[in-house]
K.L.:
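I'd like to ask some things about the structure below.
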There are 2 protein chains.
Amino acid sequence: MPKKRILPYVLLGLINNKGKLSGYQISQEFKNEVGDFWHASHSQIYPELARMKDDGWLIDEDVDKSTFYSVTAEGHKILRNWMQEPLTDNEEIFSLKLYFIKDQTDPLLNNLLQQELELRQEKYDYLKGRLEEVFTDDATIQNNYGHYLILTRAIEREENHIHWLKSKVN
Amino acid sequence: MPKKRILPYVLLGLINNKGKLSGYQISQEFKNEVGDFWHASHSQIYPELARMKDDGWLIDEDVDKSTFYSVTAEGHKILRNWMQEPLTDNEEIFSLKLYFIKDQTDPLLNNLLQQELELRQEKYDYLKGRLEEVFTDDATIQNNYGHYLILTRAIEREENHIHWLKSKVN
DNA sequence: CGATCCATGTAAATGGTTACATGATTTA
DNA sequence: TAAATCATGTAACCATTTACATGGATCG
């Protein structure tokens, strides 16, 4: 799961895509659409929004009982920078960044696909090497069958992902 | 990622499969094989081993400068229980449990595959429903292209996984 | 003799979940 | 009128990472 601080970028991305959002609406968002790729609880969202406002990434506006947040120019800059940061071996971040791309013609789209393709190919080569290194004979397979299964599955998984990426990348 | 307390079970599984292990050896293990599916740092491993010894899951034995741990009868019971616990929608735990199965004839193997198959099928249906619910017309696809891509990718991913599971399950 | 590895430990910081808390509004 | 939903917040706890710390053994 989730290691480095990525919640603020998720919030920026959400508010940027949907326009003004309250903390409550964001917590609802995590129960829909984006919830398939990321989650945060309200006890994390509210203080984070306050911090981001302090940092000038968001401005707030009180309407009725709710506080609505919008992305500032500074916030847009931060979000754009994050979107352009090189991907690491972390499918979740790839999914999230992809989720935040609205337009098929956005040059970042192809960039992301290309980056992910390279990463997946590296991983594929690594796993293939592992398989050859560890499972040299049939006895080893028989005595570590679960490990063998899950490693060959991981390889097939990468193959499938690479195939998909190749079909989408230009 | 990783939410509930699963480290102790990983340690039990490792020590059970490899025999006596020291904290250091375990931390090295995470740089190999099992490191593809789980990781823990030494600062987590050492206190955890001590706690597990306190709880009677492990016994220790000092040789040279190292402390080696073995799984007790109680530890075996705990491990077996964990292995038999129903899976949740968490591929990591499926991978780990599979990794700990040594023998192709272990009835737990087929059980795990079957459970995972059901979970993946549920997830597949859910994602399919999501796709139909959210992307009702072409304009929605064009205006949320990244979301469309990643959702269709998630579906293909489940398809591929289900296909693999079906080929392994009896 | 300095670097790296073996081997173990604690402390501090980070990120996240769960629980506690409050109060207004809507719905059955 | 009780339950559910809207709406926001804090406190406590938990798992994990990073940093701090020590000391012996080996290797170049």
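Just so we're on the same page: letters track the sequence lines, and every chain starts at 1.
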K.L.:
Considering only nitrogen or oxygen atoms on both sides, find all protein atoms under 3.5 Å from nucleotides 3-6 of chain D and state each distance.
P.N.:
{"residue": "D:dC6", "atom": "OP2", "partner": "A:Tyr24", "partner atom": "OH", "Å": "2.3"}
{"residue": "D:dC6", "atom": "O5'", "partner": "A:Tyr24", "partner atom": "OH", "Å": "3.1"}

K.L.:
Kindly assign one of parallel, tilted or perpendicular to the pair A:Phe37 and B:His147, based on the angle between their ring planes and the thresholds 30° and 60°.
P.N.:
perpendicular

K.L.:
Send over the distance from B:Leu11 CG to D:dT16 P, rounded to a whole Å.
P.N.:
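In whole Å, D:dT16 P lies 10 Å from B:Leu11 CG.
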
K.L.:
Check the angle between the aromatic planes of B:Tyr9 and B:Trp82 and answer parallel, tilted or perpendicular using the 30° and 60° thresholds.
P.N.:
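Judged by the thresholds at 30° and 60°, the geometry between B:Tyr9 and B:Trp82 is parallel.
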
K.L.:
Starting at CG of A:Leu7 and ending at C1' of C:dT14, how long is that distance when rounded to a whole Å?
P.N.:
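Interatomic distance, CG of A:Leu7 to C1' of C:dT14: 13 Å.
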
K.L.:
Just the rounded figure in Å: distance from C1' of C:dG16 to CZ of B:Arg5.
P.N.:
15 Å

K.L.:
Quick one: side-chain hydrogen bond (donor to acceptor under 3.5 Å, both in side chains) partners of A:Thr67, sequence neighbours excluded?
P.N.:
A:Asp62

K.L.:
A:Leu49 has an atom CG; how far is it from atom P of D:dA7, in whole Å?
P.N.:
14 Å

K.L.:
I need the NE2-P distance between B:His39 and D:dA15, as an integer number of Å.
P.N.:
18 Å

K.L.:
Return the value, rounded to whole Å, for the distance between atom CG of B:Asp62 and atom C1' of C:dA7.
P.N.:
12 Å

K.L.:
Please set out all donor-acceptor pairs under 3.5 angstrom arising from side-chain atoms of residues 73-80 of chain A, sequence neighbours excluded.
P.N.:
{"residue": "A:His76", "atom": "ND1", "partner": "A:Thr72", "partner atom": "O", "Å": "3.1"}
{"residue": "A:His76", "atom": "NE2", "partner": "A:Asn16", "partner atom": "OD1", "Å": "2.9"}

K.L.:
Who pairs with A:Glu61 by salt bridge (Lys or Arg N to Asp or Glu O under 4.0 Å), at least two apart in sequence or on another chain?
P.N.:
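Salt bridge (Lys or Arg N to Asp or Glu O under 4.0 Å) list for A:Glu61, sorted by chain: A:Lys20.
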
K.L.:
At 10 degrees resolution, what angle do the end axes of the helix from C:dC1-D:dG28 to C:dA28-D:dT1 form when each is taken over five base pairs?
P.N.:
30°

K.L.:
Clusters formed by hydrophobic residues whose side-chain heavy atoms approach within less than 4.5 Å: which one holds B:Tyr24, and what are its other members?
P.N.:
B:Tyr46

K.L.:
How many whole angstroms separate atom CD1 of A:Ile6 from atom C1' of D:dT17?
P.N.:
17 Å

K.L.:
Compare side-chain N and O positions of B:Tyr46 against OP1 and OP2 of C:dT8 and report whether any pair is under 4.0 Å apart.
P.N.:
yes

K.L.:
Under the salt bridge (Lys or Arg N to Asp or Glu O under 4.0 Å) rule, collect the residues that match up with B:Lys18, sequence neighbours excluded.
P.N.:
B:Glu29, B:Glu33

K.L.:
Between protein and nucleotides 20-27 of chain D, map the contacts as a letter string: B base, S sugar-phosphate only, - none, heavy atoms under 4.0 Å, written 5' to 3'.
P.N.:
----SS--

K.L.:
Using a 3.5 Å cut-off and no angle test, enumerate the donor-acceptor pairs between side-chain atoms of residues 149-157 of chain A and protein atoms at least two apart in sequence or in another chain.
P.N.:
{"residue": "A:Thr152", "atom": "OG1", "partner": "A:Tyr148", "partner atom": "O", "Å": "3.0"}
{"residue": "A:Thr152", "atom": "OG1", "partner": "A:Leu149", "partner atom": "O", "Å": "2.8"}
{"residue": "A:Arg153", "atom": "NH1", "partner": "B:Asn160", "partner atom": "OD1", "Å": "2.8"}
{"residue": "A:Arg153", "atom": "NH2", "partner": "B:Asn160", "partner atom": "OD1", "Å": "3.4"}
{"residue": "A:Arg157", "atom": "NH1", "partner": "A:Glu91", "partner atom": "OE2", "Å": "3.3"}
{"residue": "A:Arg157", "atom": "NH2", "partner": "A:Glu91", "partner atom": "OE2", "Å": "3.1"}

K.L.:
Is the shortest side-chain N/O distance from A:Gln44 to OP1 or OP2 of C:dG15 below 4.0 Å?
P.N.:
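So the side chain of A:Gln44 is outside the cut-off, no N or O lying under 4.0 Å from OP1 or OP2 of C:dG15.
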
K.L.:
Who else is in B:Ile59's hydrophobic cluster (ILVMFWY, side-chain heavy atoms under 4.5 Å, direct or via others)?
P.N.:
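Besides B:Ile59, the cluster holds no residue at all.
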
K.L.:
Which pairs would a plain distance check flag for residues 163-170 of chain B, meaning a side-chain donor or acceptor within less than 3.5 Å of a matching protein atom at least two apart in sequence or in another chain?
P.N.:
{"residue": "B:Ser167", "atom": "OG", "partner": "B:Trp164", "partner atom": "O", "Å": "2.7"}

K.L.:
Measure CD1/B:Ile45 against P/C:dT10 and give the value in whole Å, please.
P.N.:
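Distance check: B:Ile45 CD1 to C:dT10 P gives 14 Å.
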
K.L.:
Among residues at least two apart in sequence or on other chains, which ones pass salt bridge (Lys or Arg N to Asp or Glu O under 4.0 Å) with A:Glu118?
P.N.:
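With neighbours one apart ignored, the set is empty.
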
K.L.:
Check whether the side chain of B:Ser43 and the base of C:dT8 form a donor-acceptor pair under 3.5 Å.
P.N.:
no

